[in-house]
Amino acid sequence: SDLAHSRFIADASHQLRTPLTLLNTQVVYALRHEESAAREGALGAIHNTVQHGMRLVNQLLAFTMAEAGVGHGPTQCPVDLAYVVRSVLEALASVAERRGIDLGFEQPSAGPAVVLASPHLLHELVANLVDNALRYTQTGGVVTASVFSTPAQVVLRLQDNGPGIPL
């Protein structure tokens, strides 16, 4: 509906305004300080804010494509979930390493773990789950993705030793 679309645009604008405002403040801070340590700290903060903004934009795009029923290629096709998870873990390995987090993968059952899905949207889903686990797990923590498959089902389990979500 038009109301839902307008609400989505308003929410997306608000979600993007916050990191952009923070980014502007960090840039102004960096420009005002000649001390290299202060500038380096500001540049690190700017880098983190830009990464957060990029993740947010990717999430919004994935949500919009899911709403519209659009994917890259066929809407749904057979996809090896284990392959998708491994590729996401490889892409985020440097993030885990920088934070001192042990990022692991387990697949007790041999062979592919095929699901019917949009490859792009499945990749975004797994990337969001792993990214959240890495973001909220303390330095020195552990994040492990496991893919289990039986003839009847395929299961993705993501375990971490972060604070969790209060119930």
Side-chain angles (χ1 to χ4, degrees), residues 5-68 70-73 79-107 117-147 156-167:
H5 183 50
S6 295
R7 186 176 304 134
F8 173 76
I9 296 295
D11 289 346
S13 298
H14 176 73
Q15 291 288 329
L16 289 171
R17 187 180 313 125
T18 302
L20 288 173
T21 302
L22 179 58
L23 186 60
N24 186 58
T25 303
Q26 292 165 334
V27 168
V28 168
Y29 179 85
L31 290 173
R32 287 186 181 165
H33 287 81
E34 293 183 21
E35 180 188 331
S36 65
R39 279 188 171 207
E40 192 170 311
L43 287 173
I46 289 167
H47 182 252
N48 289 338
T49 303
V50 168
Q51 286 185 318
H52 172 71
M54 288 171 34
R55 279 192 304 270
L56 182 58
V57 168
N58 286 336
Q59 289 172 348
L60 290 170
L61 288 172
F63 176 75
T64 301
M65 288 191 320
E67 284 276 301
V70 175
H72 290 202
V79 181
D80 183 358
L81 179 61
Y83 175 81
V84 171
V85 172
R86 282 192 302 270
S87 68
V88 167
L89 296 181
E90 288 171 8
L92 293 174
S94 63
V95 174
E97 187 176 325
R98 276 195 309 273
R99 300 230 19 245
I101 295 173
D102 180 10
L103 182 60
F105 176 74
E106 296 176 352
Q107 186 181 10
S118 162
H120 176 73
L121 294 177
L122 184 60
H123 186 275
E124 283 297 316
L125 170 75
V126 173
N128 287 336
L129 291 172
V130 175
D131 179 68
N132 284 338
L134 291 173
R135 191 173 320 140
Y136 295 108
T137 296
Q138 68 278 7
T139 300
V142 177
V143 174
T144 305
S146 305
V147 175
L156 167 63
R157 183 175 69 199
L158 198 61
Q159 291 181 288
D160 63 64
N161 58 352
I165 299 171
L167 298 177

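In this text the structure is predicted, and so the values were computed from the model without any measurement.
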A.B. asks: Is there a side-chain contact between Asn132 and Leu158 in this structure, where contact means two heavy atoms from C-beta onward sitting under 4.5 Å apart?
C.D. replies: no
A.B. asks: Check whether Asn128 reaches the backbone of Glu124 with its side chain - one donor and one acceptor, N or O, closer than 3.5 Å.
C.D. replies: yes
A.B. asks: Taking all non-hydrogen atoms of both residues into account, name the closest pair between Ala42 and Tyr29 and its distance.
C.D. replies: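 It is CB-CD2, 3.7 Å.
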A.B. asks: Who are the side chain to side chain contact (heavy atoms under 4.5 Å, CB included) partners of Thr25, not counting sequence neighbours?
C.D. replies: none
A.B. asks: Is a side-chain donor or acceptor of Thr137 paired with a backbone partner of Leu134 at a separation under 3.5 angstrom?
C.D. replies: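 Side chain of Thr137 to backbone of Leu134, a donor-acceptor pair under 3.5 Å: no, none is there.
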A.B. asks: For Tyr83, does the OH atom have more than 12 heavy-atom neighbours from other residues, nucleotides or ligands under 6.0 Å away?
C.D. replies: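 Count not over threshold, so no.
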A.B. asks: Where the side chain of Asn161 meets the backbone of Val142, is there a donor-acceptor pair that is under 3.5 Å apart?
C.D. replies: yes
A.B. asks: Nearest 0.5 Å, what's the CD-CZ distance between Gln138 and Arg99?
C.D. replies: 8.5 Å
A.B. asks: Rounded to the nearest 0.5 Å, what separation is found between the NE2 atom of His123 and the OG atom of Ser87?
C.D. replies: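 One gets 4.0 Å once the value is rounded to the nearest 0.5 Å.
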A.B. asks: Working to the nearest 0.5 angstrom, can you tell me the gap between Leu92 CG and Glu97 CD?
C.D. replies: 13.0 Å
A.B. asks: Would the number of heavy atoms belonging to other residues, nucleotides or ligands and lying under 6.0 Å from CD of Glu40 be above 12?
C.D. replies: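 Open.
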A.B. asks: Which atom pair, heavy atoms only, marks the closest approach of Ile46 to Ala30?
C.D. replies: CD1-CB, 4.5 Å
A.B. asks: Do other residues, nucleotides or ligands put more than 12 heavy atoms under 6.0 Å from Arg98 CZ?
C.D. replies: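 Yes, because the 6.0 Å sphere around CZ of Arg98 holds more than 12 heavy atoms from other groups.
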A.B. asks: Taking all non-hydrogen atoms of both residues, which atom of Ala127 and which atom of Val88 are closest, and how far apart?
C.D. replies: CA-CG1, 3.7 Å
A.B. asks: Over all heavy atoms of both residues, which pair between Val79 and Ala117 is shortest? Give the atoms and the distance, please.
C.D. replies: CG2-O, 3.6 Å
A.B. asks: For a side chain to side chain contact (heavy atoms under 4.5 Å, CB included) with Val126, tell me which candidate from Val147, Leu89, Leu81 qualifies.
C.D. replies: Leu81
A.B. asks: Side-chain contact, heavy-atom cut-off 4.5 Å: Tyr136 with Asp160?
C.D. replies: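 A side-chain contact is absent here, since even the closest heavy-atom pair is not under 4.5 Å.
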